Asks: 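Following this message is one structure expressed as structure tokens.
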Amino acid sequence: MRKLHMWPSETCGAVQIIGRDMREKKVEQYDVVIIGGGASGLTAAIYCGRARLNTLLIEKSLMGGLATYTNEIENYPGFPEGIGGLALMELFHKQAKKFDVKFKLTDVKSVDFEGDVKKVETFRNIFECKAVIVGSGGRPRTTGATNEEKYLFDKGISFCATCDAAANTDKTVMVIGSGDAAIEEGMFLTRFAKKVIVSVIHDVGKMDANEIAREQALGNPKMEFMWNTVVDSFEGGEQLETVNLKNLKTGEILPVVVDSCFEFIGYEPNTEIFKEKLNMSKRDYIITNEVMETGVPGVYACGDVREKELKQISTAVGDGAIAGVEAEKYIAETEVFANQIMQKERIGMIYVYSAIDAPSREMLPMMQEIEAAYGDQVKLSVIDQYKGQRLCDRLACDVDPMTIFYTEDGEVVEISSECDRPSIFDMLNKLVAKPIEQTA
Amino acid sequence: MQEVMLDCLGEACPIPLVKAQKKLEELAVGDVLIVQIDHSCAMKNLPEWAREAGHNVEIEEVDDGEWEVVIEKVK
């Protein structure tokens with residue numbers, strides 16, 4: 001039996017009515033929460049799931065993201081015959097499920113990235129986790145023309161040819177835009193519609209689409225182009241009937257009677273809930289470095305939501321893989337750092353060396369001898385700065401190799417670069433309960 | 001607070017959205033509408049419309065390619 005449908009009464013009680021804001025949210029814990037179920041988020045989920053992290057992916061509606069808006073994908077490797085966007089994303093989803101990733105279909109209301117435990121809040125839950133991967137992608141841009149909002153949501157304006165092409169069989173449709181998406185999806189629409197009128201902002205013959213698509217479109221007998229135009233307004237009754245285009249050169253308004261209008265004028269990032277929490281570009285894309293770090297420890301961004309050059313499924317997959325692996329490393333390091341390096345049981349002696357620095361490397365056996373001499377009073381940890389720079393960063397100290405951090409109760413009490421035997425014994429003898437004689 | 005099921009299985013866009021919009025009008029604030037759908041196109045417009053309208057939305061994937069869109073009427 002599914003208990004899903006009980007939520008208003010389940011938490012409020014059958015007789016007791018509590019205000020909506022008062023309803024207690026259920027708190028759940030995960031290792032990683034991934035926000036967004038597009039190509040990058042699903043890839044990150046595959047990597048995290050396969051690394052046996054307890055992983056939750058939150059998607060606000062249909063799994064697969066923007067790729068599901070594309071009718072045919074011909075440039076994703078591995079599918080020489082091409083594959084539908086929805087079909088490809090179903091395969092991604094299936095693969096993530098195989099690695100035990102949990103899925104939740106709802107939108108994220110807010111996030112809290114401060115501290116080691118991150119919080120991701122939906123309207124019924126608070127998910128606590130060690131790392132967050134943001135793959136929230138983008139959404140189609142709208143023209144902002146008069147009456148546009150009146151005809152969204154199946155009242156005549158669409159952003160998805162794959163979804164609505166069949167409903168436009170033998171109809172007249174308009175396409176707004178001249179980029180790859182507009183021209184390729186416009187050509188796809190000609191398989192159904194009797195006429196596809198394309199509103200292009202540029203001069204005659206000029207498009208933003210790639211050259212091959214442009215030539216094919218110009219030669220397509222069902223396609224008609226209206227150059228130098230933008231949408232001025234949408235008109236009609238319940239359903240869209242007319243798109244009024246404006247000629248940018250003459251200022252003339254050109255009414256065009258259509259059954260549907262498809263807008264392909266680019267995307268805007270879904271980053272509202274990350275404002276002031278993550279670094280963003282002027283256009284509100286999240287800025288990351290090449291390993292998808294956002295600058296907030298444990299928070300990564302991948303896919304179209306990132307400020308980057310090429311937004312494709314294949315690049316989103318690369319981003320997602322990196323973010324997944326980095327999140328995994330971050331979580332492992334956090335555990336090693338808290339439970340081993342900063343342990344509280346004994347006096348700690350953290351020796352920072354570098355694998356490529358012989359003098360510091362050669363001191364390792366002596367450090368181990370000293371640890372052994374103190375029995376169970378001292379715990380030695382070694383950090384190879386060459387490989388474990390991030391562990392060094394967590395000690396919040398930029399040091400040279402051959403540095404010792406002394407800790408007591410999990411807190412650093414002394415930092416010293418004196419690595420000779422007498423100095424170390426002196427220091428440890430000050431810290432331990434039972435000082436010992438220096439060994440040879 | 002009542003809970004209403006709306007069966008839109010087997011129905012393609014825009015029918016699930018239109019039906020859900022009509023049904024939600026009849027409901028009171030706090031009521032919950034559960035729309036059963038099995039066309040992925042409705043997964044794109046139905047939740048988005050309901051959220052834009054200010055309602056709370058959560059979706060359950062009941063089976064491969066079959067969903068229940070749970071809409072709590074907020075206003």
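The structure presented is a predicted model; accordingly, all values stated were derived computationally and were not measured. Chain A is the first sequence line, chain B the second, and so forth, proteins listed ahead of strands; every chain is numbered from 1.
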Asks: Pick one of side chain, backbone, both or neither for B:Glu61, based on which atoms fall under 4.5 Å of a heavy atom in chain A.
Replies: both
Asks: I'd like to verify something: which residue of B:Met43, B:His39, B:Arg51 has the highest number of heavy-atom pairs under 4.5 Å with chain A?
Replies: B:Arg51
Asks: About how many Å separate NZ of A:Lys109 and CG of B:Asn56, when rounded to the nearest 0.5 Å?
Replies: 4.5 Å
Asks: Using a 3.5 Å distance criterion without hydrogens, assess whether the side chain of A:Thr106 forms a donor-acceptor pair with backbone atoms of B:Val57.
Replies: yes
Asks: More than 12 foreign heavy atoms under 6.0 Å from CD of A:Glu272: is that the case here?
Replies: yes
Asks: Below 4.5 Å from any heavy atom of chain A, which atoms of B:Pro47 appear? Answer side chain, backbone, both or neither.
Replies: side chain
Asks: Between the main-chain N or O of B:Glu58 and the side-chain N or O of A:Lys60, is there a donor-acceptor pair closer than 3.5 Å?
Replies: no
Asks: Relative to chain B, which segment of A:Ser158 carries a heavy atom at a distance below 4.5 Å: side chain, backbone, both, or neither?
Replies: neither
Asks: Chain B heavy atoms under 4.5 Å from A:Phe159: which part of the residue, side chain, backbone, both or neither?
Replies: neither
Asks: The criterion is salt bridge (charged side-chain N to carboxylate O under 4.0 Å, His left out); which residues satisfy it with B:Lys75, sequence neighbours excluded?
Replies: none
Asks: Atom OG in A:Ser61, atom CD in B:Glu48: separation rounded to 0.5 Å?
Replies: 7.0 Å
Asks: For A:Lys275, look at atom NZ and say whether over 12 heavy atoms of other residues, nucleotides or ligands are found less than 6.0 Å away.
Replies: yes
Asks: To the nearest 0.5 Å, what is the distance between CH2 (B:Trp67) and CG (A:Leu62)?
Replies: 5.5 Å
Asks: Do you know which two heavy atoms are closest between B:Ser40 and A:Leu86, and how far apart they sit?
Replies: OG-CD2, 3.1 Å
Asks: Let me know if B:Asp64 has heavy atoms under 4.5 Å from chain A in its side chain, its backbone, both or neither.
Replies: side chain
Asks: Take atom NZ of B:Lys23 as the centre, draw a 6.0 Å sphere, and report whether it contains more than 12 heavy atoms from other residues, nucleotides or ligands.
Replies: no
Asks: Does the pair A:Thr68 and B:Lys44 meet the rule for a side chain to side chain contact (heavy atoms under 4.5 Å, CB included), with working shown?
Replies: CA-CA 9 Å; A:Thr68 63; B:Lys44 288 179 183 141; 3.1 Å; yes
